[in-house]
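Accompanying notes for the structure given below.
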Amino acid sequence: MTSPRVALVTGAAQGIGRAIALRLASDGFDVAVSDLPHAEEALTRVRKEVEARGRRAAVAFADVSDAAQVARVVETAVAELGRLDVTVANAGVAKLESILDTTPESWDLTFAVNTRGVFLTWQAAARQYLAQGGGGKLIGAASQAAHRAAAALPAYSASKWAVRGLTQAAAQEFAPHGITVNSYAPGIVNTPLWREVPEVFQALVDTIPLGRAQEPEDVADLVSFFASPAAGYLTGQTVIADGGMIFS
Ligand code: NAD
């Protein structure tokens, strides 16, 4: 009998990360979910939702910009669930601010979570994949802003372009080890990320050709594909799924 497949999702307490964790559980993965310590209550709920799908779950807290904390998350996933096969570096932050308004601190925070966080999460996961053998999947959160920058989101757009670059580099480094690397580039997704700016969210939704906001489950569909054997020949791609707003 083959070992159960195990996935790790960061930023899993809410929004897209939660939807991905639940979708992967429905797909048959045991799932380790991770987020910041302040999200403990929500993360515990996600853990129960994974278990309600008949899968095992593990919970680990980390700031994805901290290398030691991220390494401990991978250690916890492996200690509690036995191995690691799919890693989704989903945690991210976004702040609407012009270049003129962006402080160096705000710029650094955006890159610390969105870019360094993906790098550290993939690095720790890849080390585990190489140690256990047999390949694996690295998946990252980009954005449509990784293909066409948003004027109101300069730091965010740049941080997501960097994820797209890292996706291409990582795909080449890890291909010889049977590890594929792909990122998802959603459009305007109905999550708490937009809570502070509902009018901006609605104005953007009104421009979506498919005529509705993207739901977290729409993103989870794409990640489910990335995580599946059907995506075995796909690597180095940052795939736009945004209801037809922009084209690659
Ligand atoms: P969200 O704000 O609803 O959830 C993000 C989660 O990440 C939260 O649970 C938060 O606690 C966690 N997080 C934040 N900083 C962290 C850190 N330093 N360490 C660990 N966890 C941290 O966001 P979302 O809309 O679900 O977005 C998920 C990902 O998808 C992000 O990378 C985001 O940039 C990307 N994305 C979102 C949209 C959208 O429209 N919502 C569009 C394109 C891309």
Side-chain angles (χ1 to χ4, degrees), residues 8-23 32-47 59-70 72-73 88-96 106 108-121 124 139-150 152-153 155-164 166-167 183-198 200-205 207-208 212-220 222-223 238-243 245-246:
L8 164 65
V9 184
T10 70
Q14 64 180 36
I16 293 169
R18 170 182 170 274
I20 291 169
L22 300 186
R23 175 57 191 264
V33 289
S34 182
D35 209 297
L36 292 168
H38 76 73
E40 180 169 7
E41 230 179 274
L43 202 57
T44 303
R45 278 198 299 275
V46 176
R47 172 196 203 137
V59 167
F61 298 99
D63 179 335
V64 293
S65 67
D66 184 299
Q69 292 182 32
V70 171
R72 277 201 297 278
V73 167
V88 187
N90 167 76
V93 291
K95 191 167 181 195
L96 290 169
S106 175
D108 286 348
L109 175 68
T110 302
F111 269 77
V113 182
N114 295 5
T115 310
R116 181 180 156 102
V118 174
F119 154 63
L120 291 175
T121 304
I139 299 169
S143 163
Q144 73 173 191
H147 289 268
R148 189 181 71 186
L153 291 163
Y156 179 84
S157 300
S159 75
K160 295 298 189 179
W161 274 76
V163 168
R164 190 172 154 208
L166 185 65
T167 302
S183 293
Y184 45 97
I188 311 301
V189 192
N190 187 12
T191 74
L193 186 110
W194 293 97
R195 198 177 280 146
E196 315 273 297
V197 285
V200 177
F201 176 73
Q202 194 49 52
L204 287 166
V205 167
T207 70
I208 299 173
R212 65 167 175 87
Q214 188 168 11
E215 295 302 328
E217 290 72 22
D218 294 316
V219 184
L222 177 59
V223 174
T238 297
V239 178
I240 302 172
D242 67 355
M245 296 177 80
I246 64 165

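Since we're looking at a predicted model, the values are computed, not measured. Order of appearance sets the numbers: ligands from 1, and atoms from 1 within every ligand. Just so you know, these numbers use all the heavy atoms, side chains as well, and skip hydrogens, waters and symmetry mates.
- Put simply, part of Ile188 is less than 4.0 Å from ligand 1, judged by heavy atoms.
- Between Ile16 and ligand 1, a contact under 3.5 Å exists for at least one N or O pair.
- The single protein non-hydrogen atom nearest to atom 41 (N) of ligand 1 is Thr191 OG1, 3.2 Å, given as residue, atom name and distance.
- Residue-to-ligand polar distances keep Asn114 apart from ligand 1: every N/O pair is separated by 3.5 Å or more.
- Put simply, CD on Gln202 and CH2 on Trp194 are 11.5 Å apart, with the number rounded to the nearest 0.5 Å.
- Polar contact check, Val113 against ligand 1: no nitrogen or oxygen pair lies under 3.5 Å apart.
- For Gln69 and Asp63, the side-chain atoms include no donor-acceptor pair closer than 3.5 Å.
- By the 3.5 Å distance cut-off applied to N or O atoms, Gln14 is counted among the residues near ligand 1.
- In terms of polar-atom proximity, defined here as any N/O pair under 3.5 Å, Val189 does make such a contact with ligand 1.
- When the heavy-atom distances from atom 22 (C) of ligand 1 to Ala91, Ser65, Ala185, Gly117 are ranked, the shortest goes to Ala91.
- The shortest distance between side-chain heavy atoms of Asp242 and Ile246 falls below 4.5 Å.
- Annotation: Asn90 places an N or O atom under 3.5 Å from an N or O atom of ligand 1; distance criterion only.
- The backbone N or O of Thr238 sits less than 3.5 Å from a side-chain atom of His147, completing a donor-acceptor pair.
- At least one donor-acceptor pair closer than 3.5 Å links the side chain of Gln214 to the backbone N or O of Ala241.
- With distances taken over non-hydrogen atoms, the option nearest atom 35 (C) of ligand 1 out of Tyr184, Phe61, Tyr156 is Tyr156.
- For the atom pair OG1 of Thr110 and NZ of Lys95, the computed distance is 8.0 Å after rounding to the nearest 0.5 Å.
- When all heavy atoms are compared, the tightest approach of Ser157 to Ala150 is OG-N, 3.0 Å.
- With hydrogens left out, the protein atom closest to atom 23 (O) of ligand 1 is Leu193 CD1, 3.5 Å, a heavy atom.
- Distance CZ/Arg195 to CG/Asn190: 10.5 Å, rounded to 0.5 Å.
- The shortest contact between atom 19 (N) of ligand 1 and any protein heavy atom is with Val64 N, 3.0 Å.
- Under the 3.5 Å distance criterion, with hydrogens and angles disregarded, no donor-acceptor pair is assigned to the side chains of Thr121 and Thr10.
- Residue, atom and distance of the protein heavy atom nearest to atom 16 (C) of ligand 1 are Leu36 CD1, 3.6 Å.
- Atoms of ligand 1 lying under 4.0 Å from any heavy atom of Gly15, numbered from 1 in the order shown and given with element: 26 (O).
- Judged purely by atom type and a 3.5 angstrom limit, Asn114 has no side-chain atom pairing as donor or acceptor with the backbone of Ser159.
- With respect to atom 5 (C) of ligand 1, the closest heavy atom belonging to the protein is Gly92 O, 3.9 Å.
- Interface atoms of ligand 1 facing Ala141, defined by a heavy-atom separation under 4.0 Å, are 32 (O).
- For ligand 1 and Gly11, the ligand atoms under 4.0 Å from any heavy atom of the residue are 6 (C), 7 (O), 12 (C).
- In this structure, Asp218 contributes its side chain and Glu215 its backbone to a donor-acceptor pair below 3.5 Å.
- Heavy-atom contacts of Gly187 reach the following atoms of ligand 1: 40 (O), 42 (C), 43 (C) (cutoff under 4.0 Å).
- Rounding to the nearest 0.5 Å places CG of Asn90 at 6.5 Å from CD1 of Ile16.
- Counting protein heavy atoms only, atom 8 (C) of ligand 1 is closest to Asp35 OD2, 3.6 Å.
- Listed by number with element, the atoms of ligand 1 under 4.0 angstrom from any heavy atom of Trp194 are 39 (C), 40 (O), 41 (N).
- Of all protein heavy atoms, the one closest to atom 18 (N) of ligand 1 is Asp63 OD1, 3.0 Å.
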Item to complete: Could you walk me through whether Phe61 and Leu36 pass the side-chain contact (heavy atoms from CB on, under 4.5 Å) test, one step at a time?
Response: CA-CA 5 Å; Phe61 298 99; Leu36 292 168; over 6 Å; no
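- Residue-level proximity to ligand 1 for Ala62 is carried by the backbone, the only part with a heavy atom below 4.0 angstrom.
- The proximity of Gln144 to ligand 1, defined as any non-hydrogen pair under 4.0 Å, does not occur for either the backbone or the side chain.
- In this structure, Ser34 contributes its side chain and Ala60 its backbone to a donor-acceptor pair below 3.5 Å.
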